[in-house]
Amino acid sequence: MTGAGESLVNNPGRRRASGPGALGLVLGHPFDTVKLLGFFKGMSFPIVSIAVVNSVLFGVYSNALLALTATSHQERRAQPPSYTHVFIAGCTGGFLQAYCLAPFDLIKVRLQNQTEPRAQPGSPPPRYRGPVHCAASIFQAEGPRGLFRGAWALTLRDTPTLGIYFVTYEWLCHQSTPDGQNPSSATVLVAGGFAGITSWVTATPLDVIKSRMQMAGLEQRAYRGLLDCVVSSVRQEGLGVFFRGLTINSARAFPVNAVTFLSYEYLLHSWG
Ligand SMILES: CN(C)C(=N)NCCC[C@H](N)C(=O)O
């Protein structure tokens with residue numbers, strides 16, 4: 001790990017970091033599930049999914065930015081892209097990764113929500129025995145479309161907020177790095193952390209709705225769509241319902257995304 005203030009390029013031969021998000025996820029998973037009284041429940045699955053999803057996200061973002069600005073990552077340090085291009089590239093990545101994420105996210109939410117105690121003698125066993133059993137049960141009960149329950153809400157949540165995510169990161173890096181130089185590891189960690197918080201603050205309202213849509217398939221009450229879910233949630237619990245989990249989302253988002261961006265910058269510098 002480069003020391004604070006050193007540029008990333010001074011250590012090109014350093015060990016290649018694992019996928020951008022896998023490392024970050026391990027840090028953040030307990031925060032993510034404490035919202036739902038879980039802890040490490042259902043973590044094995046998101047480790048695989050976050051590596052796939054973040055590779056799609058960062059891969060699409062980098063290539064979309066390359067297509068929009070015709071400059072490589074290295075050249076961009078000398079010619080920073082416009083924030084409009086960064087936003088469009090981020091939204092493109094957010095839209096495409098949402099469809100990869102949808103089934104994984106649904107399974108994660110279903111596993112985290114089953115707070116039935118571990119099978120005690122005489123108590124009913126938990127509904128899902130694990131991620132694969134959960135996927136098979138949903139597929140069997142609701143067909144392949146069942147695995148994409150809440151995908152629309154996820155896409156609406158992620159598309160704009162990932163545009164904000166990358167604009168926040170690029171803006172903070174640009175503010176803290178002399179022109180033409182690469183950001184230091186400390187800058188990348190801080191900018192990545194605040195990018196994560198900013199994106200989750202803007203995403204929390206739709207994150208609440210998305211999780212309700214994903215759980216609706218289990219209870220009798222299946223909403224008649226996204227709007228019905230929003231209206232009935234506000235009617236029953238008031239506008240505060242949209243900010244449920246905001247604090248824990250933000251506390252989790254800083255370390256997870258700080259490490260995610262550091263891995264991303266390492267991988268970009270390793271591959272040149
Ligand atoms: C829905 N939102 C706000 C985002 N996807 N934000 C980007 C951070 C994603 C990262 N894998 C994390 O889990 O924080």
Side-chain angles (χ1 to χ4, degrees), residues 17-36 38 42-43 45-62 64 86-87 89-102 104-109 112 150-172 188-214 242-265 267:
S18 64
L23 202 55
L25 179 108
V26 173
L27 280 177
H29 194 75
F31 292 96
D32 186 39
T33 48
V34 78
K35 279 186 286 181
L36 302 153
M43 186 170 94
F45 205 66
I47 284 227
V48 171
S49 66
I50 210 76
V52 170
V53 168
N54 269 8
S55 300
V56 169
L57 171 63
F58 284 89
V60 169
Y61 168 70
S62 294
V86 171
F87 184 74
C91 290
T92 309
F95 180 81
L96 292 174
Q97 63 85 45
Y99 270 89
C100 304
L101 176 62
F104 293 118
D105 193 63
L106 172 67
I107 289 161
K108 183 193 78 168
V109 168
Q112 288 171 336
W152 257 121
L154 195 71
T155 305
L156 285 177
R157 181 197 79 174
D158 285 9
T159 302
T161 55
L162 279 152
I164 293 168
Y165 180 65
F166 284 104
V167 167
T168 305
Y169 173 73
E170 296 291 350
W171 183 79
L172 285 172
V188 170
L189 285 166
V190 171
F194 280 109
I197 289 179
T198 309
S199 67
W200 275 106
V201 165
T202 50
T204 294
L206 261 174
D207 185 53
V208 169
I209 298 303
K210 179 268 308 174
S211 301
R212 287 173 179 226
M213 299 284 285
Q214 289 169 325
F242 290 127
F243 298 96
R244 187 136 321 147
L246 176 63
T247 311
I248 202 75
N249 275 345
S250 304
R252 169 199 167 279
F254 192 93
V256 167
N257 294 286
V259 172
T260 299
F261 271 103
L262 194 65
S263 304
Y264 168 62
E265 292 286 355
L267 289 173

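Indexing begins at 1, ligand by ligand and atom by atom, following the structure's order.
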Exercise. Please report which non-hydrogen protein atom sits nearest to atom 7 (C) of ligand 1, along with the residue it belongs to and the distance in Å to one decimal place.
Key: L162 CD2, 3.4 Å
Practice problem: Could you tell me whether F261 and F194 have their ring centroids closer than 6.0 angstrom? | Solution: no
Quiz item: What is the nearest protein non-hydrogen atom to atom 14 (O) of ligand 1, stated with its residue, atom name and distance?
Solution: W200 NE1, 2.8 Å
Quiz item: Could R244 and D207 be called an ion pair, given the rule that one side-chain N must be under 4.0 Å from one carboxylate O?
Solution: no
Practice problem: Could you tell me which non-hydrogen atom of P160 sits nearest to which non-hydrogen atom of L156, and how far apart they are? | Solution: CD-O, 3.1 Å
Quiz item: Going by the atom numbers of ligand 1, which of them fall below 4.0 Å from some non-hydrogen atom of A203?
Solution: 1 (C), 3 (C)
Quiz item: For ligand 1, which atoms sit closer than 4.0 Å to a heavy atom of R252?
Solution: 12 (C), 13 (O), 14 (O)
Quiz item: Regarding Q112 and K108, is there a side-chain donor-to-acceptor distance under 3.5 Å anywhere?
Solution: no
Exercise. Mind listing the closest non-hydrogen atom pair of L57 and G94 along with its distance?
Key: CD1-N, 3.8 Å
Quiz prompt | Ring centre gap for Y165 and Y61 strictly below 6.0 Å | solution = no
Practice problem: Among all protein heavy atoms, pick out the one at the shortest distance from atom 10 (C) of ligand 1; state its residue, atom name and that distance to 0.1 Å. | Solution: N257 OD1, 3.3 Å
Quiz prompt | Test item, Q97 contacting ligand 1 (heavy atom, 4.0 angstrom) | solution = no
Practice problem: Considering the heavy atoms of S199, write down every atom of ligand 1 situated less than 4.0 Å from one of them. | Solution: 3 (C), 6 (N), 7 (C)
Quiz prompt | Proximal ligand 1 atoms for D158, defined as those under 4.0 Å from one of its heavy atoms | solution = 1 (C)
